[in-house]
Amino acid sequence: MTSLDFLLIYKDMERHIHITSSSQGEFETTVFLGVDKYLVQTEDMGIKTAKIITKTYRKGQILSTITTDYRDITNEPDLKERVHDLMHKQHKQAIKALHEEARTPSEYLNSVLVLLRRKNKKAAISHLEEALQIHPDEPFLLSYYGCLQAIVEKRYKEGVSTCKRAIERLKASVPFGEEFFYPVFYLNLGRAYLAEGDRKEAFGTFMKGLSYDNENKDLLWEIKKLGIRKKPAISFLPRGNPLNKYIGLLLSKVLKGR
């Protein structure tokens, strides 16, 4: 799987889900952008104040507030209907603004991958720091950030720890099929180990990634650069012997099941 394949599948996971409820004088919508959850609430404050207030929350903190004053229509006979229409319009406006302002994790990751292809690692890590301010528990962003913490900032232990945390977050946040993404996560962790100078852990980590995708070009390239190859399962037979290949496949399945 290439970085592009990974990103395209990741984008497909980022469905924008809205769950809306309404009651007399109030609209409430829960919005999921990727793995992040937002709450949009619109409330009529009553004829005394003649204000409609919409607030957008994330983790209990107010991100934005929109206020409409409707004192100019308080004497209108159809006040109730007009206030309801104003509330609905303002509520939709707040949700639209949330989509436009809150870049999704995959949008950030796409920019990071472009910067990495251009070998601009310092800009990439700055971009990830910005992204993690908005999406602090996002596993894909954490994985790349941990890798660059080790490679760019020489914060080896912290980088390895961040990469490991990303794998744990992946297990918790992706309901099924997380194994598909493991090769990328183990690639980043292995590169963090390499930056630290721990070739043994790096090799073991790359091999763990290959147990999920034994044709991953990035993992195979990293192992090739290490100059290490797996020993044949049966040492007295050639590496290309069908029996060695078959046992190798079985061992990969065993590793994957750990």
Side-chain angles (χ1 to χ4, degrees), residues 7-115 123-145 166 169-170 172-176:
L7 185 61
L8 289 174
I9 292 165
Y10 179 35
K11 280 183 177 180
D12 286 341
M13 292 173 57
E14 291 189 321
R15 296 185 178 92
H16 297 174
I17 303 171
H18 296 177
I19 303 171
T20 303
S21 63
S22 63
S23 61
Q24 186 66 34
E26 184 176 308
F27 285 96
E28 184 173 293
T29 299
T30 303
V31 180
F32 293 89
L33 295 175
V35 297
D36 291 305
K37 178 181 175 181
Y38 300 84
L39 180 65
V40 181
Q41 288 182 329
T42 299
E43 186 177 0
D44 174 18
M45 305 308 293
I47 198 167
K48 286 186 178 180
T49 58
K51 288 187 186 332
I52 297 168
I53 297 178
T54 300
K55 294 181 180 180
T56 301
Y57 299 86
R58 180 177 178 276
K59 292 187 175 180
Q61 294 187 333
I62 299 173
L63 299 180
S64 64
T65 302
I66 305 173
T67 302
T68 296
D69 190 313
Y70 62 87
R71 281 177 293 181
D72 58 330
I73 63 168
T74 53
N75 294 322
E76 297 294 329
D78 57 348
L79 175 63
K80 186 176 179 180
E81 291 77 11
R82 292 181 67 172
V83 168
H84 185 272
D85 289 344
L86 285 171
M87 289 177 64
H88 189 236
K89 182 179 179 181
Q90 183 166 289
H91 195 73
K92 286 175 65 178
Q93 177 188 346
I95 294 172
K96 182 181 179 182
L98 180 61
H99 282 288
E100 290 174 349
E101 293 172 12
R103 295 181 64 189
T104 64
S106 70
E107 288 172 335
Y108 275 110
L109 189 57
N110 181 56
S111 300
V112 168
L113 292 176
V114 169
L115 289 167
I125 198 167
S126 295
H127 213 63
L128 283 165
E129 286 170 349
E130 176 189 328
L132 287 167
Q133 289 293 317
I134 303 168
H135 309 286
D137 299 317
E138 215 295 322
F140 300 88
L141 297 174
L142 281 171
S143 180
Y144 279 91
Y145 183 57
R169 286 297 305 149
L170 177 70
S173 61
V174 177
F176 57 88

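Counting begins at 1 with the first residue of the sequence.
Annotation for R169 and P139: closest pair CB-CB, 3.8 Å, computed over non-hydrogen atoms. When all heavy atoms of A94 and V40 are compared, the closest pair comes out as CB-CG1, 3.9 Å.
By the 4.5 Å heavy-atom criterion applied to side chains, M45 and I52 are not counted as neighbours. Residues E28 and L39 form a side-chain contact, since some pair of their non-hydrogen atoms from C-beta on lies under 4.5 Å apart. Side-chain contact between E26 and T42 is absent, with no heavy atoms from C-beta onward closer than 4.5 Å.
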| Would L79 and I73 satisfy side-chain contact (heavy atoms from CB on, under 4.5 Å), going step by step from the backbone distance to the final call? | CA-CA 7 Å; L79 175 63; I73 63 168; 3.9 Å; yes

| Y38 and L63: side-chain contact (heavy atoms from CB on, under 4.5 Å), yes or no, with the steps? | CA-CA 9 Å; Y38 300 84; L63 299 180; 3.6 Å; yes

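A donor-acceptor contact closer than 3.5 angstrom is absent between the side chains of E138 and Y108.
Here L132 pairs with L141, L142, Y145 under the side-chain contact (heavy atoms from CB on, under 4.5 Å) rule; sequence neighbours left out. Residues forming a side-chain hydrogen bond (donor to acceptor under 3.5 Å, both in side chains) with K59 (at least two apart in sequence, or on another chain): D137. Residues satisfying the side-chain contact (heavy atoms from CB on, under 4.5 Å) criterion with Q93, sequence neighbours excluded, are I66.
Each ring pair (Phe, Tyr, Trp, His ring centres under 6.0 Å) pair with one or both residues in residues 78-97, not counting sequence neighbours, appears once here: F27-H84, F27-H88, F27-H91. Counting only residues at least two apart or on different chains, the side-chain hydrogen bond (donor to acceptor under 3.5 Å, both in side chains) pairs with a member in residues 65-79 are D44-Y70, K51-D69, T68-Q90, D69-R71.
Few gaps surround CD on E81; more than 12 heavy atoms of other groups in view lie less than 6.0 Å from it.
Atoms NE2 and CG, from H127 and L109 in turn, are 9.5 Å apart once rounded to the nearest 0.5 Å. Note that CG of L98 and OG of S64 are 7.5 Å apart. Values are rounded to the nearest 0.5 Å.
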